[in-house]
Amino acid sequence: MSEGKLIVITGPSGVGKGTLLKKLLEKYPDRIFFSISATTRSPRAGEENGREYLFWSRAEFEQKRDAGEFLEFAEYAGNLYGTPISAISQAIELGRIVLLEIELEGARQVAVSFPSAKRIFISPPSMEVLESRLRDRSTDSDEQIVKRLHHAQLEVAAADEFDITIVNDDLEVAFHQLEQAVIY
Ligand code: ADP
Ligand code: 5GP
């Protein structure tokens, strides 16, 4: 897995990772390969199996994890999330830029297994803004929002571990910085 580029994008839930990555994929559909993760969480309204995630049962996830089929995996807010190896190794060999959008524990695992991966942290302008983005998105229960804000504290505190930090305040500014970091 040495031909293409592996890029890890991490940041608290609600910071705008999905919004930024969607714009990037729309602009560079042929250069970027977005790794579709597997998760045991239930699909949100509008999410489709195989598009946002591979929605697997816990038993199916654990069986594949035990068979060594994940590049990395982690438990987050009560659910398992992981990067299946198969699709991404092929994309890297084809020279594509492979993007992984994963949480902190997974990013740490990739730092060990692929030290050459570029790791980008997306930070909120403040915790207050993060909370209002999570609430305004209206996709998560209060209980999930509390768990996500708790993780957010840990994640923001670890931002120094990353190669680059981008603050997603103004979307266009953040997008430009992300584009510079990923494409150039
Ligand atoms: P994540 O994928 O990191 O969980 P999302 O991309 O779903 O976050 O964004 C969370 C919410 O914040 C969405 O409603 C999105 O429209 C909004 N959002 C994203 N970026 C910005 C921004 N720069 N300014 C204001 N709102 C934003
Ligand atoms: P959400 O439930 O909001 O889609 O994602 C919750 C968290 O899981 C986010 O921080 C997201 O980046 C992370 N995540 C998504 N896919 C993966 C994955 O494959 N591995 C890991 N470690 N985290 C993931």
Side-chain angles (χ1 to χ4, degrees), residues 1-18 20-21 24-25 28 31-41 50 52-124 130 147-168 174 177-184:
M1 294 201 1
S2 58
E3 303 297 319
K5 250 201 310 192
L6 186 62
I7 298 192
V8 173
I9 313 275
T10 301
S13 180
V15 73
K17 302 178 299 296
L20 287 163
L21 293 178
L24 200 61
L25 282 166
Y28 299 99
R31 294 194 52 194
I32 295 178
F33 177 86
F34 179 71
S35 159
I36 298 176
S37 298
T39 183
T40 62
R41 88 153 159 73
E52 282 80 10
Y53 282 104
L54 302 160
F55 292 100
W56 290 347
S57 67
R58 188 166 272 261
E60 193 175 5
F61 192 110
E62 287 176 345
Q63 183 249 315
K64 294 197 197 301
R65 178 197 63 193
D66 295 346
E69 293 181 22
F70 287 106
L71 174 67
E72 59 72 38
F73 59 87
E75 180 123 20
Y76 176 95
N79 289 297
L80 291 164
Y81 293 81
T83 305
I85 290 177
S86 51
I88 67 160
S89 43
Q90 196 186 12
I92 291 198
E93 275 156 24
L94 289 171
R96 308 271 296 272
I97 298 171
V98 174
L99 290 187
L100 309 184
E101 192 248 276
I102 61 178
E103 53 66 69
L104 181 61
E105 290 309 320
R108 286 177 172 155
Q109 291 169 36
V110 175
V112 173
S113 51
F114 285 94
S116 62
K118 189 188 264 190
R119 295 184 311 140
I120 302 172
F121 190 81
I122 313 288
S123 188
L130 182 68
K147 285 186 183 170
R148 282 158 192 267
L149 288 171
H150 169 71
H151 272 274
Q153 309 268 10
L154 306 174
E155 291 177 318
V156 168
D160 285 356
E161 294 176 26
F162 288 75
D163 301 312
I164 300 168
T165 297
I166 294 171
V167 179
N168 183 20
Q177 291 174 354
L178 184 65
E179 186 179 19
Q180 292 295 314
V182 170
I183 304 294
Y184 302 106

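For T40, the side-chain hydrogen bond (donor to acceptor under 3.5 Å, both in side chains) partners are N79, not counting sequence neighbours. Not a single salt bridge (charged side-chain N to carboxylate O under 4.0 Å, His left out) links K118 to another residue, sequence neighbours left out. Not counting sequence neighbours, the partners of L154 by the side chain to side chain contact (heavy atoms under 4.5 Å, CB included) test are H150. Taking the side chain to side chain contact (heavy atoms under 4.5 Å, CB included) definition, one finds that T165 meets it with F121, S123, A159, sequence neighbours left out. Qualifying side-chain hydrogen bond (donor to acceptor under 3.5 Å, both in side chains) partners for T10, counting only residues two or more places apart in sequence or in other chains: none. Partners of R148 by salt bridge (charged side-chain N to carboxylate O under 4.0 Å, His left out), not counting sequence neighbours, listed by chain and number: D140. By the salt bridge (charged side-chain N to carboxylate O under 4.0 Å, His left out) test, R31 is found to be paired with no residue, residues two or more places apart in sequence or in another chain being considered. Applying the side chain to side chain contact (heavy atoms under 4.5 Å, CB included) test to A174 and every residue at least two apart in sequence or in another chain returns L20, I166, N168. With sequence neighbours excluded, no residue forms a salt bridge (charged side-chain N to carboxylate O under 4.0 Å, His left out) with E52.
In plain terms, the two heavy atoms of P84 and S37 that are nearest each other are CD-CA, 4.2 Å. The two residues I102 and V8 have their closest heavy-atom pair at CG1-CG1, 3.8 Å. When all heavy atoms of F33 and A87 are compared, the pair lying nearest together is CZ-CB, 3.9 Å. Across every non-hydrogen atom of A107 and R119, the tightest pair is O-NH1, 3.5 Å.
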Check residues 177-184 and write down every donor-acceptor pair under 3.5 Å in which the side-chain atom is one partner and the other belongs to a residue at least two apart or another chain.
from : atom 1 : to  : atom 2 : distance (Å)
E179 : OE2    : K27 : NZ     : 2.7
E179 : OE2    : Y28 : OH     : 2.4

Report, one line per pair, each donor and acceptor closer than 3.5 Å where one atom sits in a side chain of residues 53-60; sequence neighbours left out.
from : atom 1 : to  : atom 2 : distance (Å)
S57  : OG     : E60 : N      : 3.1
R58  : NH2    : E75 : OE2    : 3.0
R58  : NH2    : G78 : O      : 3.4

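From L149, atom CG reaches atom CG of L130 across 5.5 Å, with rounding to the nearest 0.5 Å. Note that CD1 of I164 is 9.0 Å distant from CD1 of I9, once rounded to the nearest 0.5 Å. Expressed to the nearest 0.5 Å, how far CZ of F114 lies from CD1 of I92 amounts to 6.0 Å. Taking CD from Q109 and CZ from F73, the interatomic distance works out to 6.0 Å, rounded to the nearest 0.5 Å. With rounding to the nearest 0.5 Å, the separation of CZ in F34 from CD1 in I88 is 12.0 Å. Atom CD of E155 and atom OG of S13 lie 8.5 Å apart (nearest 0.5 Å).
Looking only at distances, no side-chain donor or acceptor of K17 sits under 3.5 Å from a matching main-chain atom of I122. The closest donor-acceptor contact from the side chain of D163 to the backbone of I120 lies at 3.5 Å or more, if one exists at all. Looking only at distances, a side-chain donor or acceptor of E72 sits under 3.5 Å from a matching main-chain atom of T83.
For the salt bridge (Lys or Arg N to Asp or Glu O under 4.0 Å) condition, the pairs that include at least one residue of residues 97-115, sequence neighbours left out, are E105-R108, R108-E161.
When side chains are defined from C-beta on, R41 counts as touching Y81, because their heavy atoms get closer than 4.5 Å. P124 places a side-chain heavy atom less than 4.5 Å from the side chain of V156. Inter-residue side-chain proximity for L99 and L24 is flagged as met; some heavy-atom pair is nearer than 4.5 Å.
A cation-pi arrangement is absent between R65 and F70 under the rule of less than 6.0 angstrom and at most 45 degrees off the ring axis.
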